[in-house]
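First up is the structure itself, then whatever we jot down about it.
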Amino acid sequence: MTNNSKLPNVGTTIFTVMSALAAENNAINLSQGFPDFKSDQKLIDLVTNAMNSGYNQYAPMPGILELRKAISEKFKLLYNTSYHPETEITITAGATQAIFTVISAFIRPNDEVLIFKPAYDCYEPAIELNGGKTVSIQLKAPHYKVDWNEVKQKINNRTKMVVINTPQNPSGIVFSKEDMLQLQKLLEGTDIILLSDEVYEHIIFDGDPHQSACLFSDLKKRSFVVASFGKTFHNTGWKVGYCCAPKDLMAEFKKVHQFNVFCVNHPVQKALAEYLQEPDHYLELSEFYQQKRDLFLSLLKDSKFAFTPSKGTYFQVLDYSKITDDHDVNFAKRLTINHKIASIPMSVFNENGLDQNVLRFCFAKTDDTLKKATEILNQI
Ligand SMILES: Cc1ncc(COP(=O)(O)O)c(C=O)c1O
């Protein structure tokens, strides 16, 4: 049977490749973005209790109301803004499903979607599957600053959606208030939807406030704000997240959601609804990860790698141009095989595989893992 792939350019992701290479070579794995420590025992106990109490069948389609109410209260507390729990919040199977569903609900053939590169890898295939066209804005290392004039030039009457991600994986940059105001100005008076991937909203450093799209009234009315409990509570394997949007946009989202997953993990939702009652569970996260970033970078200060400290996410980009001008994919493989440390080459997130001699390292690891990793990196 001939198989005419709808995604001819998609192969095995670099995350799978590098993690497999790390396992094969017994290397320290700082490639994939997940913590190597346990999530809070209290949260695990809450899930166990929910299962023992019988919450093991389908949850309501948009998620349990208690959890949607808790999320609504969180928006009030953090951003002084409101999303109605009954009509403007949906619980999803991780941020990935929320992103896929937003794109599927709105993108038609030949619609253009603007994304900023380096970009997380799930946006483009979703756009392509729906017949849309990705229009990329390539940001340049080491500062990855957005040139808003370039963005303005790329917006036209075919532009249906803009995707932003702040704090940004993989670069570790954050959008400032000024960036958000520039974006708001560009979108004013258009029908362009904003997909704001904010999965790292609670991992932001040096006292910078997170500039959520919901803080800007003209952005909020066109935005889907997407979040991930996996990133926030150290349990990426549970795959529970959510998204929020004004009622009319959310109604369209739910039409796709109900035939895509219908609903998501019930006992985990029960547990999260209770766990969220204590805001310290997410408010302490920035400090926790900032200590890890600082430890990682202080141990690398005498290495040959150059860096600008990550402003958010649990990723740090390291520039190796003082070591070699080898292509980043080759260098990342060489580090894994010969030096037993795995990272992700940044070119895979860039337009046309642009190689800027930089690698991405995940520092969501125990201090012991970070110490061992830097001992290796210092010898290179
Ligand atoms: C920027 C970004 N968005 C979305 C996701 C996916 O989140 P989830 O695991 O909740 O699907 C990730 C995971 O790495 C990410 O880095």
Side-chain angles (χ1 to χ4, degrees), residues 13-19 29-36 39 43 63 67 71 89-104 113 115-127 134 136 139 144 161-175 194-204 210-213 223-244 253 257 260-261 264-265 268-269 272 276 282 285 289 310-317 342-344 346 348-350 360-365:
T13 76
I14 191 73
F15 307 105
T16 309
V17 172
M18 293 309 297
S19 281
N29 189 358
L30 302 195
S31 65
Q32 222 171 342
F34 60 84
D36 73 344
S39 91
L43 180 55
L67 180 55
I71 291 166
I89 300 174
T90 301
I91 313 301
T92 59
T96 312
Q97 184 243 313
I99 291 164
F100 193 86
T101 304
V102 173
I103 292 171
S104 301
V113 183
I115 71 172
F116 295 86
K117 289 192 173 171
Y120 183 59
D121 65 346
C122 80
Y123 314 132
E124 226 169 325
I127 297 164
T134 303
S136 300
L139 309 181
Y144 303 97
M161 189 179 286
V162 174
V163 182
I164 61 169
N165 171 216
T166 182
Q168 199 210 40
N169 172 18
S171 65
I173 59 150
V174 300
F175 277 14
L194 181 65
L195 171 50
S196 186
D197 179 346
E198 301 185 13
V199 301
Y200 299 103
E201 75 181 301
H202 299 301
I203 311 180
I204 184 160
H210 170 57
Q211 301 293 344
S212 172
S223 290
F224 280 90
V225 172
V226 172
S228 165
F229 287 118
K231 298 292 176 189
T232 302
F233 295 135
H234 320 308
N235 45 43
T236 56
W238 292 3
K239 291 298 289 186
V240 179
Y242 58 92
C243 76
C244 306
F253 177 96
H257 177 81
N260 179 354
V261 283
V264 305
N265 194 309
V268 168
Q269 289 191 55
L272 287 167
L276 278 179
Y282 49 84
L285 210 60
Y289 277 118
S310 168
K311 300 292 285 173
T313 75
Y314 43 50
F315 300 110
Q316 176 63 51
V317 168
S343 58
I344 296 284
M346 288 284 281
V348 303
F349 304 107
N350 285 338
R360 187 199 79 174
F361 292 80
C362 173
F363 56 80
K365 306 293 166 189

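Each ligand, and each atom within it, is numbered from 1 in the order the structure gives. Sequence positions, counted from 1, serve as the residue numbers for this chain. Just so it is clear, the structure is predicted and the values come from calculations on it, not from any experiment.
There is a side-chain donor-acceptor pair under 3.5 Å between S212 and E198.
Aromatic ring pairs are classed by plane angle as parallel below 30°, tilted from 30° to 60° and perpendicular above 60°; the pair Y123 and Y120 is perpendicular. Using cut-offs of 30° and 60° for the angle between ring planes, the F233 and Y282 rings count as tilted. Relative ring orientation between F349 and F15 is described as tilted, the plane-to-plane angle lying within the 30° to 60° band.
Because its NZ or CZ atom is not both nearer than 6.0 Å to the ring centre of F229 and within 45° of the ring axis, K239 does not count as a cation-pi partner of that residue.
Considering backbone and side-chain atoms alike, D197 places an N or O below 3.5 Å from some N or O of ligand 1.
With a heavy-atom cut-off of 4.0 Å, Y200 touches ligand 1 through its side chain alone. Residue contacts with ligand 1 for Q97 are absent, since no atom lies close enough (heavy atoms, distance under 4.0 Å). Looking at T96 against ligand 1, both its backbone and its side chain come within 4.0 Å, counting heavy atoms.
Residue S228 comes nearest to V199 through the heavy atom pair CB-CG1, 3.7 Å, listed as atom of the first residue, atom of the second, then distance. Looking at every heavy atom in both residues, V261 comes nearest to V264 through CG2-CG1, 4.2 Å.
The ligand atoms of ligand 1 that sit less than 4.0 angstrom from a heavy atom of N165 are 1 (C). Atom numbering of ligand 1 starts at 1 in the shown order; those under 4.0 Å from a heavy atom of S228 are 8 (P), 10 (O). Using a 4.0 Å cut-off to heavy atoms of K231, the atoms of ligand 1 that qualify are 12 (C), 13 (C), 14 (O). Counting the atoms of ligand 1 from 1 in the order shown, those under 4.0 Å from a heavy atom of K239 are 8 (P), 9 (O), 11 (O). Listed by atom number, the atoms of ligand 1 under 4.0 Å from G94 heavy atoms are 10 (O), 11 (O). Short contacts between ligand 1 and N169, defined as distances under 4.0 Å to a heavy atom of the residue, involve ligand atoms 1 (C), 15 (C), 16 (O).
Considering each of P167, A95, A119, the one bringing a non-hydrogen atom nearest atom 8 (P) of ligand 1 is A95.
Checked against a 6.0 Å centroid threshold, the rings of Y289 and Y200 do not count as neighbours.
In terms of protein heavy atoms, atom 5 (C) of ligand 1 is closest to Y120 CE2, 3.4 Å.
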